[in-house]
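Below, chain A is the first sequence line, B the second, and so on; all start at residue 1.
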Protein chains: 2
Amino acid sequence: MAEMHGGENLLFLTDEQLRQGIEAMFFAYRGFTADPDRILATMAYGRAHHRAIHFIARSPGTTVNNLLAILGVTKQSLNRVLRTLIEDGLVESRVGTTDKRERHLTLTEAGAALERKLSDAQRARMRAAYRAAGPQAVAGFRQVLEAMMEPDLRRRYHAIRESDT
Amino acid sequence: MAEMHGGENLLFLTDEQLRQGIEAMFFAYRGFTADPDRILATMAYGRAHHRAIHFIARSPGTTVNNLLAILGVTKQSLNRVLRTLIEDGLVESRVGTTDKRERHLTLTEAGAALERKLSDAQRARMRAAYRAAGPQAVAGFRQVLEAMMEPDLRRRYHAIRESDT
DNA sequence: CATATTAAGTCAGCTTTGTTGACATTCCAA
DNA sequence: TTGGAATGTCAACAAAGCTGACTTAATATG
């Protein structure tokens, strides 16, 4: 169990270490979604609604196609979710001005309120974990997560960090 | 973008930093499951089967109840998955010797072969990410993931690392 | 020993969220 | 101007979760 750091020691790449990382990822993801899930369970929405709301809040005016690429589901699947959100007055869909095939999505006041509620819960856990682990651990956490992404999603992740489409 | 570490700087806890962490977690989890998913899509199994196979391989002879607690699903849901795996000859269920109510689950040769195939794919990505990020980043990654788990799952995670039940 | 509890499994039915296939509308380029 | 590409919608189906009610067998307990 010796602490090791810097160049040459490759013990962190053993199958056992990798398996522990895989299980940590599995258990942590459960914690990651637990709080929003609890809130969503009290209403008629699920995790898919949360994801849509999150990325609409993130990039107001985004198109359905854009959202599709980020979420990685079929448009039919996303459409079902969007339809209920629009019917319930949480999301507004406006026909595009330059291209009338596109729909631009934004949150209504009610949608923004739900988004805040869900985000606050998820951020609270994230903040507690970050604080417990410390800034250096957080930097490592981010590095490994990024290296784990599929290349096209990594590009999307960077794009969404730097500018809104 | 100044590098900061040690005690006092709390800029890593801003809402924007937390949101980036949340999105990183979302995109990374997709990468995490992508390779096994591709393999599973070619046969009649899904992610639920993979999870069951993983933890049976991890703790051979584990009981149904044990698996239930680890996976966090209902027994009806797990049972559906286990039934197909047993019917297909990937998992063996043996009546317990000391407590005959219990069923002890193990992988058959065929089950172990599939487990290896899935693990190898998932570990390959994990290994690449670990190698790219380096040992110190990996340590931080593990710390943050652990801090994110629900307490009872964190205990389970530690238990499974140290000894088999 | 009688009874309560536990472990496992089953049946039925429902919900969420993914999938394909077919189709309407809009735009653009040959 | 017309045919294809892009965008979005509707319908039907599948995987995998869920609840609730129940059975069977074995163990624990009063």
Side-chain angles (χ1 to χ4, degrees), chain A residues 26 29-30 33-34 36-56 61-88 91-105 165, chain B residues 26 29-30 33-34 36-54 56 61-88 91-106 165:
Chain A
F26 171 69
Y29 200 78
R30 291 256 295 280
T33 57
D37 281 356
R38 265 190 285 273
I39 295 171
L40 291 160
T42 69
M43 46 191 93
Y45 300 127
R47 212 176 279 178
H49 298 86
H50 181 196
R51 291 197 285 262
I53 288 174
H54 174 100
F55 285 106
I56 294 172
T62 189
T63 63
V64 173
N65 233 10
N66 214 325
L67 215 46
L68 237 38
I70 288 171
L71 296 176
V73 297
T74 57
K75 61 182 173 173
Q76 294 87 335
S77 191
L78 175 57
N79 196 253
R80 189 198 300 123
V81 166
L82 283 180
R83 188 166 39 208
T84 68
L85 290 174
I86 291 167
E87 278 169 8
D88 296 351
V91 168
E92 201 182 358
S93 167
R94 274 191 303 261
V95 172
T97 48
T98 65
D99 187 335
K100 288 180 196 147
R101 291 173 301 182
E102 295 179 339
R103 300 297 132 88
H104 296 277
L105 305 167
T165 305
Chain B
F26 171 70
Y29 199 79
R30 291 257 295 281
T33 56
D37 281 356
R38 266 191 283 274
I39 295 171
L40 291 160
T42 69
M43 47 191 92
Y45 299 127
R47 213 177 279 179
H49 299 84
H50 180 196
R51 290 197 286 261
I53 287 175
H54 174 99
I56 294 173
T62 189
T63 63
V64 173
N65 239 5
N66 213 327
L67 213 47
L68 237 36
I70 288 171
L71 296 176
V73 298
T74 59
K75 64 176 174 178
Q76 293 90 332
S77 192
L78 175 58
N79 198 254
R80 190 197 298 129
V81 166
L82 281 181
R83 191 163 39 204
T84 68
L85 290 174
I86 291 168
E87 277 169 9
D88 296 353
V91 168
E92 201 182 357
S93 168
R94 272 192 305 261
V95 171
T97 49
T98 66
D99 188 334
K100 287 178 196 149
R101 289 173 304 181
E102 295 180 337
R103 299 299 134 85
H104 295 278
L105 304 168
T106 47
T165 307

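Here A:D99 pairs with A:R101 under the salt bridge (Lys or Arg N to Asp or Glu O under 4.0 Å) rule; sequence neighbours left out. Applying the side-chain hydrogen bond (donor to acceptor under 3.5 Å, both in side chains) rule to B:S77 yields no partners; only residues at least two apart in sequence or on another chain are considered. By the side-chain hydrogen bond (donor to acceptor under 3.5 Å, both in side chains) test, A:T74 pairs with no residue at all, sequence neighbours left out. The side-chain hydrogen bond (donor to acceptor under 3.5 Å, both in side chains) check on A:H104 picks up nothing, with sequence neighbours excluded. Take A:R94 and apply the salt bridge (Lys or Arg N to Asp or Glu O under 4.0 Å) test, not counting sequence neighbours, and it matches A:E92. With sequence neighbours excluded, no residue forms a side-chain hydrogen bond (donor to acceptor under 3.5 Å, both in side chains) with B:R80.
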Considering only nitrogen or oxygen atoms on both sides, find all protein atoms under 3.5 Å from nucleotides 18-21 of chain D and state each distance.
unit_1 : atom_1 : unit_2 : atom_2 : d
D:dC18 : OP2    : B:T74  : N      : 2.6
D:dC18 : OP2    : B:T74  : OG1    : 3.0
D:dG20 : O6     : B:Q76  : NE2    : 2.7

Distances for protein N or O near nucleotides 4-6 of chain D N or O, under 3.5 Å:
unit_1 : atom_1 : unit_2 : atom_2 : d
D:dA6  : O4'    : A:R101 : NH1    : 3.4

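The stretch residues 42-51 of chain A participates, sequence neighbours left out, in these salt bridge (charged side-chain N to carboxylate O under 4.0 Å, His left out) pairs: A:D37-A:R47. Sorted pairs that involve residues 64-73 of chain B and meet salt bridge (charged side-chain N to carboxylate O under 4.0 Å, His left out), not counting sequence neighbours, are lacking altogether. Counting only residues at least two apart or in different chains, salt bridge (charged side-chain N to carboxylate O under 4.0 Å, His left out) contacts with residues 67-76 of chain A are absent.
At the heavy-atom level, B:H104 lies nowhere under 4.0 Å from the strands shown.
Annotation: of the two residues near DNA chain C, B:L105 and A:A44, the 5′-most nearest-nucleotide partner is B:L105.
Close approach of DNA chain C to chain A, defined as any atom under 4.0 Å from a non-hydrogen atom of the protein, starts and stops at C:dT16 to C:dC27.
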